[in-house]
Amino acid sequence: MTRVARLILALIVGLAVLTFAASGVVESTVRQWSERDMEARALLVLTGARPALADAWYDPAALNKQLDALDSDQRVIGVAACGEDNATRASTADFPAAFGCTDVGPRVRDLESSFTRKPRDWSIVATLPTGLALVSAMPVQVNGQTLGFAILVHDLSYIDTRQRRAQTFLLAIFAALAIMAFGIPILVNRQARREWSLELRDLLRGRGKQNREFQPILTDMRELIGRIVNEREDDPGRWTAERLKHTLNRYLQGEKVVILANREPYIHHRTPSGAIEVQHPASGLVTALEPIMRACSGVWVAHGSGNADRDTVDRRDHVRVPPGEESYYIRRVWLTEEEQQGYYYGFANEGLWPLCHVAHARPIFRVDDWNHYKSVNQKFADAVCSEVDSEDPIILIQDYHFALAPAMIRKRLPAATVIVFWHIPWPNDQRIGICPWRNELLEGLLGSSILGFHTQLHCNNFLDSVDRYLETRRDREHNAVVRQGHRTLIRPYPIAIEWPVRWVEEADSLEECRKRVWHDLGLKPDAMLGIGVDRLDYTKGVEERLLAVDRLLERFPEFRGRFSFAQLAAPSRVKIPRYQELNDTVEQLAEHINNRWGHGDYKPILLLRRHHEPPEVFRFYRAADLCYVSSLHDGMNLVAKEFVAARTDLKGVLLLSEFTGAARELTEALIVNPYDLEASSEAMALALTMPADEQRDRMRSMRALISQFNVYRWAGNMLVDAARLRDAERVSARLTDPNHISTAV
Ligand code: ADQ
């Protein structure tokens with residue numbers, strides 16, 4: 001029951017109690033008044049009739065006539081004249097026998113003494129078969145001498161009728177009040193609701209005048225509607241490819257999304273036999289973004305890096321992918337050797353990559369590399385602008401290869417909504433300060449509408465860098481930076497993997513995977529297997545990982561001859577000396593450990609230095625007893641999430657470096673400091689002896705998180721934010737000057 005209904009009910013109960021009490025008071029008052037009224041009347045009648053009665057006292061005929069005259073009153077039941085001796089001298093026909101002269105006479109006598117001075121009557125109220133009656137008597141005197149007395153009986157039954165009428169009247173008033181108490185609020189409420197809903201509907205349809213009182217409701221409703229639309233009925237929390245597609249259709253209405261990334265999701269290679277092969281690059285960025293393009297189509301602008309890439313594009317340098325399931329296309333941009341050297345290997349990977357990772361590699365900044373970086377950014381920005389199909393498209397720019405492209409695109413497409421996602425860490429302001437072109441980098445990135453990082457820490461570092469090196473205004477309410485009237489939102493969007501993972505769905509059974517891996521690696525049936533899966537990069541801590549295996553075998557002899565560690569190492573950036581050096585160190589280290597602990601067929605380190613296609617990578621994930629992710633510094637690290645996703649059997653243990661973004665989410669992993677070989681070797685031993693139920697509990701909890709926070713949610717959140725931002729900009733552009741476009745939130 002609502003509060004209003006309770007109030008009304010209380011009001012009615014109160015009214016009923018009041019009416020009940022009032023009806024008692026009214027009843028007795030009506031009776032008293034009527035009796036008194038009748039007494040006065042009887043006194044008046046008897047007093048007036050006394051002289052005539054006295055005259056006719058001794059003449060029976062005259063006396064009867066007088067009595068009949070008195071009886072003619074409608075309210076008089078009967079009249080009697082009684083002698084001094086209480087004998088009846090005369091009476092009317094209907095005079096009630098119960099009040100005869102003998103009965104009333106003695107009571108009248110008591111009053112006689114005072115009659116001379118002031119006439120008084122005697123009365124009682126009695127009940128007759130016809131109802132209530134007032135019996136009044138008065139002495140009849142002549143010259144001070146009493147002749148007898150007269151009795152007058154008045155009908156009082158009308159009092160009952162009066163009382164009933166008064167009660168009925170009261171009840172009618174009560175009923176009217178009750179109806180009003182109920183009805184008026186209901187009517188008022190209904191009318192108010194009608195007016196309220198009409199006004200709200202007008203507001204939602206953009207008609208009529210805008211009532212400011214409705215603004216908070218409107219905001220809430222929009223949020224709610226957005227949530228309801230986003231939440232699928234059958235699976236409320238989870239994002240899927242379908243749901244992402246549905247959401248983007250709603251927000252983008254079929255408009256395509258343009259992605260700019262250096263790496264292409266499909267590389268065409270020519271094999272020595274002359275056939276063309278498609279390769280999936282080993283890249284976290286591609287792993288995350290490819291399912292999104294499958295879901296929402298559009299165009300992916302990237303460097304055409306395969307030796308058969310030119311043979312597979314059309315006149316506009318487009319190729320439709322994925323092979324066999326074509327749903328979007330790649331626009332390939334061609335780079336010369338010098339451009340590739342300066343922009344990619346030079347500034348991006350020898351300058352920015354070590355600058356952003358705290359992994360003890362010295363960043364190298366060459367002016368030639370920087371010039372190539374600028375010109376190649378412009379080249380890609382031009383390619384993006386030639387691919388868009390509206391003045392205010394949504395463009396997603398990926399990673400540190402394109403720090404300048406956002407501002408370049410904004411210059412050509414001022415109304416574009418540009419999202420930049422920075423896949424690697426953003427270092428603190430002191431460290432970014434060592435780059436000679438730090439200001440240009442920051443200015444370039446501030447050309448975006450939304451700048452995303454994996455963690456809040458990276459967002460904070462970026463904001464500190466902007467504060468330190470540029471003249472900007474910090475909009476703390478929106479976590480944004482405003483520069484020359486343009487606003488850039490700085491947001492954390494922790495990246496994820498698709499769920500369910502295609503490669504897991506298509507994988508062999510877990511027993512089959514284990515059998516196959518055991519066979520391929522030549523392992524004994526009782527062997528235990530650890531794996532590491534990486535591009536061969538010094539930030540991934542591969543050396544530290546191998547050293548931890550060495551220390552494990554040193555400290556825990558029970559694993560010697562039994563435990564092997566397979567490192568899947570995809571060659572990466574091989575033209576850069578630091579990577580060549582790493583390649584050599586890792587090889588020597590593996591050899592050293594194998595010489596130290598290996599014997600016969602047993603090799604503790606199995607270095608698999610080549611690119612593995614995803615089905616193979618997932619076979620290893622599903623076969624292993626543990627996976628060690630030992631990055632020295634990593635934006636997120638998707639290998640950790642892939643390993644958990646692959647373990648549909650809830651077995652296997654994840655060892656995860658505390659210096660990865662993933663360690664903030666996957667807290668049930670064994671979190672280690674990869675530099676601390678004592679702790680990491682101990683964690684490995686713990687993993688290899690962990691009871692099955694503990695493995696299951698940890699896996700279950702991590703899988704629950706990864707399934708919910710998947711890449712569709714990541715992309716959905718980012719793209720919906722961008723679409724909302726664009727809507728707001730369209731409105732504000734319309735409200736102000738139609739030629740002026742600003743970035744308002
Ligand atoms: P990466 O540095 O590439 O990504 P990561 O996130 O671990 O690192 O992703 C690597 C991807 O490549 C995974 O999908 C993995 O399966 C695949 N891969 C690794 N080794 C392979 C091998 N030997 N053969 C084949 N495939 C292999 C960058 C940032 C990360 C961030 C991602 C996504 O450095 O911090 O998590 O982008 O934003």
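Just so you know, ligand 1 is whichever comes first in the structure, and atom 1 is the first atom listed for that ligand.
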*For atom 35 (O) of ligand 1, the protein heavy atom that lies nearest, with its residue and separation*: Asp634 OD1, 2.5 Å
*Nearest neighbour in protein (non-hydrogen) for atom 24 (N) of ligand 1*: His612 N, 3.1 Å
*Which of these, Glu613, Arg263, His423, has its nearest heavy atom closest to atom 29 (C) of ligand 1?*
His423
*Would you please determine whether His454 falls within less than 4.0 Å of ligand 1 on a heavy-atom basis?*
yes
_Here's one to test your reading of the geometry: is the NZ or CZ of Arg263 within 45 degrees of the ring axis of Trp300 and under 6.0 Å from its centre?_
no
*Just by distance, do the side chain of Arg609 and the backbone of Pro571 share a donor-acceptor pair under 3.5 Å?*
no
*Evaluate the ring planes of Phe421 and Trp714, with Trp represented by its six-membered ring, and classify them as parallel (under 30°), tilted (30 to 60°) or perpendicular (over 60°).*
perpendicular
*Does the Arg622 side chain pair with the main chain of Arg514, one donor and one acceptor, at a distance under 3.5 Å?*
no
*Which of the atoms in ligand 1, numbered in the order shown and given with their element, are less than 4.0 Å from a heavy-atom of Gly635?*
35 (O)
*Please work out whether any backbone atom (N, CA, C, O) or any side-chain heavy atom from C-beta onward of Asn637 is under 4.0 Å from ligand 1, and answer side chain, backbone, both or neither.*
both
*Using a strict 4.0 Å cut-off to heavy atoms of Val639, name the atoms of ligand 1 that fall inside it.*
7 (O), 15 (C)
*Distance to 0.1 Å, residue and atom name: give those for the protein heavy atom nearest to atom 20 (N) of ligand 1.*
Asp534 C, 3.1 Å
*Number the atoms of ligand 1 from 1 as they appear, then name those within less than 4.0 Å of a heavy atom of Ala570, with their elements.*
22 (C), 23 (N), 24 (N)
*Using heavy atoms and a threshold below 4.0 Å, how should the contact between Tyr621 and ligand 1 be classified: side chain, backbone, both, or neither?*
side chain
*Crowding at NZ, Lys603 (>12 non-hydrogen neighbours, <6.0 Å)*: no
*Please write down residue, atom name and distance for the protein heavy atom closest to atom 27 (C) of ligand 1.*
Ala282 CB, 3.3 Å
*Does ligand 1 have an atom under 4.0 Å from some heavy atom of Lys540?*
yes
*Under a 4.0 Å heavy-atom limit, does Val617 contact ligand 1 with its side chain, its backbone, both, or neither?*
side chain
*Which residue supplies the protein heavy atom nearest to atom 32 (C) of ligand 1, what is that atom called, and how far is it?*
Gly284 CA, 3.9 Å
*Out of Lys575, Arg578, Arg366, which one pairs with Glu350 under the salt bridge (Lys or Arg N to Asp or Glu O under 4.0 Å) rule?*
Arg366
*Can you label the angle between the His357 ring and the His633 ring as parallel, tilted or perpendicular, going by 30° and 60°?*
perpendicular
_Need the ligand 1 atom indices (1-based, order shown) with element for anything under 4.0 Å from a heavy-atom of Val533._
19 (C), 20 (N), 21 (C)
*asked:* Quick check against the 3.5 Å criterion: does Asp464 have a side-chain atom that pairs as donor or acceptor with the backbone of Asp429?
replied: no
_Donor-acceptor contact present, side-chain Asn377 to main-chain Ala405, <3.5 Å_ = yes
*Salt bridge check: are Asp534 and Arg545 linked by an N-O gap of less than 4.0 Å?*
yes
*4.0 Å heavy-atom contact, Trp353 with ligand 1*: yes
*For atom 6 (O) of ligand 1, which candidate among Val286, Val501, Leu638 holds the nearest heavy atom?*
Leu638
*To the nearest 0.5 Å, how far apart are CG in Leu445 and CD in Glu440?*
12.0 Å
*Numbering the atoms of ligand 1 from 1, which are under 4.0 Å from a heavy atom of Glu642?*
13 (C), 14 (O), 15 (C), 16 (O)
*Indicate yes or no: does an N/O atom of Met636 lie under 3.5 Å from an N/O atom of ligand 1?*
yes
*Look at the aromatic rings of Phe453 and Phe462 and report parallel, tilted or perpendicular, splitting at 30° and 60°.*
tilted
